[in-house]
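The structure under discussion appears below in the form of structure tokens.
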Amino acid sequence: CLGHLAEYAAPEHYDERYENWRFEDLPILPVEWKLLVHNTKKPQFNVLRKLLRSKKFDYVVNACDAGREGEAIFRRVYALAGSKLPIKRLWISSMEDAAIQQGFENLRDGAAYDNLFAASECRAKADWLIGMNLTRLYTKVYGTKLPIGRVKTPTVALLVQRDQEIKNFVKTPYYSLTADCGTFKAYAQMDDKDAAEAAAAAGNAAGTALIKTVDTSEKSERPPLLYDLTSLQQDANQYFGYTAKQTLEAAQSLYMKKLTTYPRTDSQYLTTDAVGNVQAMIPSLIPILEETTNWNDYSFDISNMTYAVNDSKVNDHHAIIPDFNYSRNFSTELITDLPTSEKNVFFLVLFRLLSALSAKHLYSATTITIDAAGTQYIAHGKTDIEPGFTAVLAKMKPVIGITEKPTSTPTLPPLQEGEMCSVNITIQQKFTQPPRAYTEKTLLEAMRVGGCTIDDPLIREAMRDKGLGTPATRADIIEEIKRNGYAEVSGRSLIPTNLAYAMISVVAEPI
């Protein structure tokens with residue numbers, strides 16, 4: 001179906017008078033909704049219509065994505081074609097051969113998915129009713145084009161709210177105290193300048209501090225989950241400054257070249273039946289790793305990845321990984337000859353999978369509390385036991401041209417509770433910092449968790465795990481916000497414009 005072959009018609013297709021925007025025509029509420037096929041897609045639709053109306057077939061299989069939009073894509077074409085064929089549904093979330101075969105052997109009755117189609121139509125009609133009516137309404141009332149959208153408008157509201165928080169932020173001083181004990185440093189913080197100066201003076205007068213507590217424990221950190229589209233877009237924005245749209249385009253191109261799996265996914269997990277294919281793919285990935293990093297001290301084991309395998313958390317498509325169906329064709333030369341954006345995105349996907357195949361990061365964490373003249377100071381230390389997956393991610397950064405300053409937690413010396421140590425205390429005045437302007441990375445995250453802070457408990461619960469938009473649409477929403485003149489890019493920051501402020505100031509709060 002080449003994506004959405006059929007979509008809801010614009011108002012002017014219902015009545016010619018809607019070609020002109022008039023306040024008195026609002027609201028426009030279709031009684032019977034019209035679907036249209038764009039002129040550029042009509043040849044493909046005609047092929048499907050001929051087949052769907054044919055007498056040669058006993059039934060038709062809906063093999064679109066196993067999700068809400070996949071259902072809508074098929075049903076609209078089916079309806080427009082006027083087909084009477086019984087519908088059977090192929091419902092699979094894995095592209096593994098055995099899973100596809102099993103799916104065809106267990107086709108379901110299409111009627112079982114009527115409610116899923118109704119959910120999709122509800123969303124699409126909400127988009128149409130809000131966008132078509134309110135864009136015309138606010139534009140006519142205020143004499144300036146103000147595009148309104150079910151997802152777009154609350155996203156612009158996020159930008160405006162953050163910008164207001166930054167502009168209205170008042171810096172507040174606080175005082176950071178550093179207790180230098182020679183072999184380590186401990187820290188305290190106070191809001192009151194006189195109290196901080198008194199604590200420092202008393203500690204320096206004493207000249208020594210008591211080691212009150214020494215708490216050491218072994219901890220482990222598992223690798224990050226595999227990429228869904230949103231997390232891939234966030235990392236590509238952080239590392240390379242790519243927009244969400246640029247990352248999606250690169251990931252889509254890699255998918256079309258059979259290098260990575262389907263990109264428009266909201267899952268960070270694999271299905272059980274994909275595990276064997278990933279294991280078989282590892283020998284194809286190791287040469288790329290060795291040739292790009294000159295590193296062969298690794299240990300990849302499929303059993304390390306059990307945390308990222310969960311059939312119940314895969315809907316339409318599993319997480320984005322190198323495509324195991326074609327990995328026999330992978331080569332370092334093939335990858336390094338890709339356009340820069342595609343190469344960078346491929347390496348992000350590759351190293352995320354390799355980190356998932358690696359062991360946990362094991363380390364020893366120590367917290368020390370000291371008492372200097374009645375003031376408590378705290379020191380934190382960390383010692384690696386087994387780097388695990390962090391070694392893989394460390395090898396990735398030079399490959400994609402990332403140089404980062406080391407931010408390691410200091411290693412603390414062996415100390416015993418009850419010991420005394422010499423101490424020298426200094427004070428530094430610091431100021432609280434305003435929140436940062438949204439980048440595409442942080443805006444994507446805000447959209448993903450949108451609704452979690454709404455006061456109304458019923459709405460908050462309804463929004464749980466939903467957010468604003470979907471992984472497949474968020475990039476387009478952000479681009480549309482920029483195209484509509486609601487946001488400008490400054491470095492990597494997204495700054496709302498005066499038009500955004502104007503729009504948010506007049507649009508009703510519930511919208």
Side-chain angles (χ1 to χ4, degrees), residues 3 224-268 281 284-285 287-289 291-293 317-327 329-356 392-404 438-445 447-448 469-483 487-494:
L225 286 169
L226 300 168
Y227 280 126
D228 64 359
L229 178 58
T230 298
S231 57
L232 178 62
Q233 288 169 321
Q234 288 176 310
D235 275 7
N237 181 253
Q238 176 184 342
Y239 288 130
F240 314 117
Y242 296 163
T243 66
K245 183 177 178 63
Q246 287 171 330
T247 301
L248 175 55
E249 288 173 347
Q252 182 70 27
S253 181
L254 290 170
Y255 170 65
M256 298 302 292
K257 293 174 180 177
K258 299 180 171 59
L259 292 172
T260 57
T261 55
Y262 187 77
R264 297 170 188 264
T265 176
D266 61 356
S267 178
Q268 293 187 271
M281 175 172 60
S284 301
L285 303 178
I288 300 173
L289 174 68
E291 292 166 24
T292 55
T293 66
H317 298 278
H318 61 57
I320 306 170
I321 60 173
D323 194 334
F324 46 69
N325 290 307
Y326 305 97
S327 60
N329 299 324
F330 289 0
S331 70
T332 306
E333 183 180 13
L334 174 66
I335 304 306
T336 54
D337 284 346
L338 290 169
T340 300
S341 61
E342 294 177 26
K343 178 177 63 178
N344 286 338
V345 169
F346 179 84
F347 277 124
L348 286 180
V349 172
L350 170 64
F351 280 98
R352 181 61 70 99
L353 176 63
L354 293 176
S355 71
V392 178
L393 296 182
K395 291 293 181 182
M396 174 191 75
K397 291 177 181 177
V399 173
I400 60 177
I402 300 298
T403 55
E404 291 186 334
Y438 280 117
T439 63
E440 290 213 10
K441 174 181 179 177
T442 55
L443 183 59
L444 284 166
E445 179 63 16
M447 294 174 76
R448 187 183 69 81
T470 68
T473 62
R474 287 172 190 143
D476 289 337
I477 292 295
I478 293 173
E479 289 301 313
E480 195 174 335
I481 285 170
K482 291 186 281 189
R483 191 166 57 247
E488 294 175 343
V489 179
S490 176
R492 293 189 183 179
S493 298
L494 290 170

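Basis for what follows: all heavy atoms, side chains included, without hydrogens, waters or symmetry-related copies.
Contact check for E440 versus E479: side-chain heavy atoms found under the 4.5 Å cut-off.
For K258, the side chain to side chain donor-acceptor pair (under 3.5 Å) criterion is met by no residue, not counting sequence neighbours. Listed by chain and residue number, nothing satisfies the salt bridge (Lys or Arg N to Asp or Glu O under 4.0 Å) test with E291 (two or more places apart in sequence, or in another chain). Scored by the side chain to side chain donor-acceptor pair (under 3.5 Å) test, T473 finds T470 as partners (sequence neighbours excluded). R448 meets the salt bridge (Lys or Arg N to Asp or Glu O under 4.0 Å) test with E445; sequence neighbours excluded. Partners of S327 by side chain to side chain donor-acceptor pair (under 3.5 Å), not counting sequence neighbours: none found. Scored by the side chain to side chain donor-acceptor pair (under 3.5 Å) test, S341 finds no partners at all (sequence neighbours excluded).
Ring-plane geometry between H318 and F324 is classed as tilted, the angle between the planes lying from 30 to 60 degrees on a 0 to 90 degree scale.
Side-chain contact, T439 with T442: a donor N or O sits under 3.5 Å from an acceptor N or O.
Heavy-atom minimum distance, A319 versus Q268: CB-C, 3.6 Å. The two atoms that bring F330 and I288 nearest to each other are CB-CD1, 4.0 Å, heavy atoms only.
No donor-acceptor pair closer than 3.5 Å links the side chain of S493 to the backbone N or O of V489.
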